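One structure below.
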Amino acid sequence: MTVKPKHELSSDEEDIPLNSQKKRRRANATPANGNDIKIVKKEEDGYDSDEALSKVSRASKVSKVPKKNKSQKKKKEVPQKIVKEETANEEDESRDASIDAEDFKWWENQNKDDSIKWTTLRHNGVIFPPDYQPLPSHIKLYYEGTPVALPPQAEEVAGFFAALLESEHAKNPVFQKNFFEDFLQVLKESGGAKNSIEIKEFEKCDFRKIYDYFELQKEQKKQLSPQEKKQLKLEKEEFEEPYKFCFLDGRKEQVGNFRIEPPGLFRGRGAHPKTGRLKRRVYPEDVVLNLDKEAPIPEAPDGHKWGEIRHDNTVQWLAMWRENISNSFKYVRFAANSSLKGISDYKKFEKARQLKEHIVTIRADYRKNLKSKVMLERQIAVATYLIDVFALRAGGEKSEDEADTVGCCSLRYEHVTLKPPNTVIFDFLGKDSIRFYQEVEVDKQVFKNLTIFKKPPKKPGHQLFDRLDPSILNKHLQNYMPGLTAKVFRTYNASKTMQDQLDLIPNEGTVAEKMLKYNAANRTVAILCNHQRTVTKGHAAAVQKATEKIEELEWQKIRYKRAILELDKSELKKDPKFFEEIEDLTKEEEASIHKRVIEREREKYNKKFARENEKRKFDKEELLPESQLKEWLERVDELEEQYKKELETGEIQLKATLQNVEKLRAQIDKLDQRIETSTIQLKDREDNSQVALGTSKINYIDPRLSVVFCKKYNVPIEKVFTKSLRDKFKWAIESADENWRF
DNA sequence: CGGATAACTTAGCATATGCCGG
DNA sequence: CCGGCATATGCTAAGTTATCCG
């Protein structure tokens, strides 16, 4: 218990001055705040050093695992079916593909060393975006009111901006500036405006005419007849056909993104310094193809040549090119339903499941290490805690020319606010500049440590974990389990949470009711992972509409109750509670409901009239006379009159069929039903408005959990997985029985 | 060893699709 | 049956991590 680990006795590397650590971005390098020394003093944070020590002996128990585990059981490889590349009949290629995929059940026979991804790989290359089509001569950019004769190269770039004129990007000054710089550059390179107008200021450019032209084109496309649209779609599919599939070890498999990304303006998320920059056109010369050595090399377009032909069977990309915004690579890869992606996915979840065997130890360890005498160990402990409990990402360092977003290791002083005794407010921008905001209670010792990590001279801009980065953290995690890294915790906790939530669902009720609960479970996971979406622009309006609808149902119900009392006063005595709600509706509320209902009725008839006549016009039939509309509207007027009277007298007029207490009660029951469904639906929609369920379903929740749920609860799999997810998760659907557990 | 980077997963948004209620 | 809305899909940006390289 009191054995002092040797590395703590010596002045170890932990105590090197912080300012000799690798330089940190964003202003101020982390100060040497003396924490490292003070931390060992008991009075600093009052921990029991004896206890702190015991942990280290524990840590030494953790077995080191070789980096590469090559000793994994090597099962026999499935004999692969050789598929003829030329099917005699090409009429139904996709059917062939699906048969192929079904034939290859890799999950029934997991194998081997996965550094070699394939032995043969053949494909037809990639699709390039069409050449630029110059605008008609009367559509121009205007500069200080004068049309500019732009060279096509520059016109194309102006068009990229014009297309975004009504978007938020176009209002963003950084976007404007970056676009304008690149635009001027292209303009210069292409010889400047042909009518020698010199463009100098962004503010003097008017892209409206180009924008309007694009809108018109969109409109015209929409106006095409269904047959024409169908024809276009058919042509598109036919053109894409050769690129959609490839042959991997002789099996026909789907390619994911076989289209080269078209040029445009870079739309970075959040405050990205490069947003608006010109993303340049990619030519065959920029593209590297990956194929097997004997594979026929697809022909490059017209007079072009491929940049390079590679034969690298240790990777799973088919083509790649370098992109000019951040100088990184873009890849053409297999589709999500491909065997290689499926295998990776399966391994990901199996790895997460493996973490179950170690999580207790890991948690016990980081709890103990929260009190370690070594600063690095404490930071590792706190970071692991945050990653485990709050599902933070690893948080690698980012460069100055990317958006300022953070994850665990890159958290800074200002991202964490401490509220004694042990409340922490996290507020930072994470991946995709999505805000992470949580006010939470944390472990007491975690709170103390965060206080230490924030101690002066540390101040805003400084790293909280000044000794840590994902590589150090991951190396530490590998000690517990081969392949364990920070991101595995997200997968593990997401799937574990889903399992726990699904376990709480009783096997009863309709499929719809079960699905509501499944989605609620899914939502718990999405919230854990902070998967958000922006509320759709019509959301507020939609909610209001639905709320009003419910109000109107309530009002109808009250009317019927009043009507019952008119028919038979004695009903009140029999069940006074039933009639209580009549009093809930004030005259004002009722009047405003009347107004809404009437207004909607009027609108309905106006629309009906307009639509009907449009149709008749198209069919060259005689139009409805205005008198028809008038007649309809008069009926609404009558209704309005009737409601007005009702409001004054309280007397309800109903059609003859409803002049009967039993029928009214039945109607009221129906209304109650509708109110309940509508209310649940509304709540569900509201709860979902800011939460994206898809991301966790696609990436984090072991699909076998959903399969088991469906099997056990008799829910059709289509209810939980869309077509594409069923393809992606075929391995799960076919392999999990109803007793499977994460 | 550490920084750079290649290769992969994860992410939200825009747009296409299709489904459901009036 | 049809329009409006929700959902599914496509697109590509933005992460993580292993590995490369000096």
Side-chain angles (χ1 to χ4, degrees), chain A residues 21-23 67-68 115 117 164 167-169 218 222 229 233 256-262 264 266-270 272 274-275 279 288 290 312 314-317 320 322-323 325-331 333-336 340-341 344-345 348 393-399 402-403 405-410 429-434 469-475 477-478 483-488 490-491 494 529-534 536-539 541-542 545-546 549 600 604 607-608 611 615 674 677-678 681 684-685 688-689 692-700 721-725:
Chain A
Q21 299 270 318
K22 94 170 174 235
K23 82 155 195 282
K67 226 183 194 151
K68 265 221 164 149
S115 64
K117 316 280 183 176
L164 299 171
S167 74
E168 286 304 304
H169 294 295
K218 270 191 217 163
K222 245 193 268 176
K229 281 184 190 163
K233 199 179 162 189
N257 55 330
F258 44 79
R259 285 178 175 279
I260 296 285
E261 292 176 17
F266 173 69
R267 283 129 108 151
R269 315 248 169 94
H272 198 300
K274 293 193 172 177
T275 194
K279 198 167 91 164
V288 181
N290 197 25
D312 185 350
T314 68
V315 294
Q316 27 180 325
W317 52 264
M320 73 166 186
R322 197 181 276 281
E323 147 275 341
I325 299 295
S326 54
N327 207 234
S328 62
F329 291 122
K330 299 273 188 163
Y331 298 89
R333 352 170 109 274
F334 292 97
L340 282 177
K341 287 267 191 170
S344 310
D345 223 25
K348 173 183 76 185
R393 296 186 182 83
E397 197 173 7
K398 295 187 74 186
S399 82
E402 296 173 279
T405 62
V406 299
C408 184
C409 295
S410 48
L429 298 182
K431 181 177 177 180
D432 293 304
S433 292
I434 295 294
D469 66 29
S471 137
I472 295 170
L473 182 63
N474 285 339
K475 260 179 208 125
L477 293 173
Q478 316 261 324
L484 182 60
T485 62
K487 78 193 272 282
V488 179
R490 270 168 80 83
T491 314
C529 296
N530 199 40
H531 291 144
Q532 300 188 15
R533 58 173 184 169
T534 51
T536 52
K537 66 175 182 316
H539 176 71
K545 205 171 154 191
K549 252 293 144 42
R600 208 172 29 238
K604 192 175 90 187
K607 266 197 188 153
K608 185 175 168 182
R611 203 173 49 228
K615 197 175 138 200
R674 282 181 63 186
T677 11
S678 302
Q681 273 175 4
D684 211 46
R685 171 145 40 137
N688 259 352
S689 64
L693 300 189
T695 308
S696 53
K697 193 186 276 191
I698 293 166
N699 298 303
Y700 289 102
F721 291 149
T722 63
K723 176 79 178 80
S724 60
L725 281 189

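Heavy atoms only: backbone and side chains are in, while hydrogens, waters and symmetry mates are out. Chain naming here is simple, since letters A, B, ... match the order of the sequence lines and numbering starts at 1 in each. A quick note: this is a predicted structure, and the numbers were derived from the prediction, not measured.
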Base, sugar-phosphate or nothing for [X]? Non-hydrogen atoms, less than 4.0 Å.
X: A/Ile434; answer: sugar-phosphate
X: A/Gly395; answer: sugar-phosphate
X: A/Gly430; answer: sugar-phosphate
X: A/Thr534; answer: sugar-phosphate
X: A/Lys222; answer: nothing
X: A/Lys279; answer: sugar-phosphate

Using a cut-off of strictly less than 4.0 Å, decide whether [X] has a side-chain nitrogen or oxygen near OP1 or OP2 of [N].
X: A/Gln478; N: C/dA18; answer: yes
X: A/Thr485; N: C/dT17; answer: yes
X: A/His272; N: C/dA14; answer: yes
X: A/Ser724; N: C/dT9; answer: yes
X: A/Thr722; N: C/dT9; answer: yes

Rounded to the Å, how far apart are [X] [atom1] and [N] [atom2]?
X: A/Leu484; N: C/dT16; atom1: CG; atom2: C1'; answer: 14 Å
X: A/Lys545; N: C/dA6; atom1: NZ; atom2: C1'; answer: 13 Å
X: A/Arg259; N: C/dT12; atom1: CZ; atom2: P; answer: 10 Å
X: A/Ile325; N: C/dT12; atom1: CD1; atom2: P; answer: 13 Å
X: A/Arg267; N: C/dC11; atom1: CZ; atom2: C1'; answer: 10 Å
X: A/Lys233; N: C/dG10; atom1: NZ; atom2: P; answer: 11 Å
X: A/Arg685; N: C/dG4; atom1: CZ; atom2: P; answer: 15 Å
X: A/Lys330; N: C/dA13; atom1: NZ; atom2: P; answer: 4 Å

Measure across [X] and [Y] and return the closest heavy-atom pair with its distance rounded to 0.1 Å.
X: A/Lys398; Y: A/Thr405; result: NZ-OG1, 2.9 Å
X: A/Thr314; Y: A/Lys117; result: O-CE, 3.2 Å
X: A/Ala486; Y: A/Asn474; result: N-OD1, 2.9 Å
X: A/Ser410; Y: A/Gly396; result: OG-O, 3.8 Å

Inset, instruction - Ignoring hydrogens and angles, state whether a donor on the side chain of A/Ser326 or A/Lys274 is under 3.5 Å from an acceptor on the partner side chain. - result: no
Legend entry - Among C/dT17, C/dT12, B/dC13, the one nearest A/Ala394 by side-chain distance: C/dT17
Which atoms of nucleotides 6-10 of chain B (N or O only) lie under 3.5 Å from a protein N or O atom, and what are those distances?
| unit_1 | atom_1 | unit_2 | atom_2 | d |
| --- | --- | --- | --- | --- |
| B/dA6 | OP2 | A/Arg322 | NH2 | 3.3 |
| B/dA7 | OP2 | A/Tyr331 | OH | 3.1 |
| B/dC8 | OP2 | A/Gln316 | N | 3.0 |
| B/dT9 | OP1 | A/Ser344 | OG | 3.4 |
| B/dT9 | OP2 | A/Lys341 | NZ | 3.4 |
| B/dT9 | O3' | A/Lys487 | NZ | 3.4 |
| B/dT10 | OP1 | A/Lys487 | NZ | 3.3 |
| B/dT10 | OP2 | A/Lys348 | NZ | 2.6 |
| B/dT10 | O3' | A/Tyr700 | OH | 3.0 |
| B/dT10 | O2 | A/Lys431 | NZ | 2.6 |

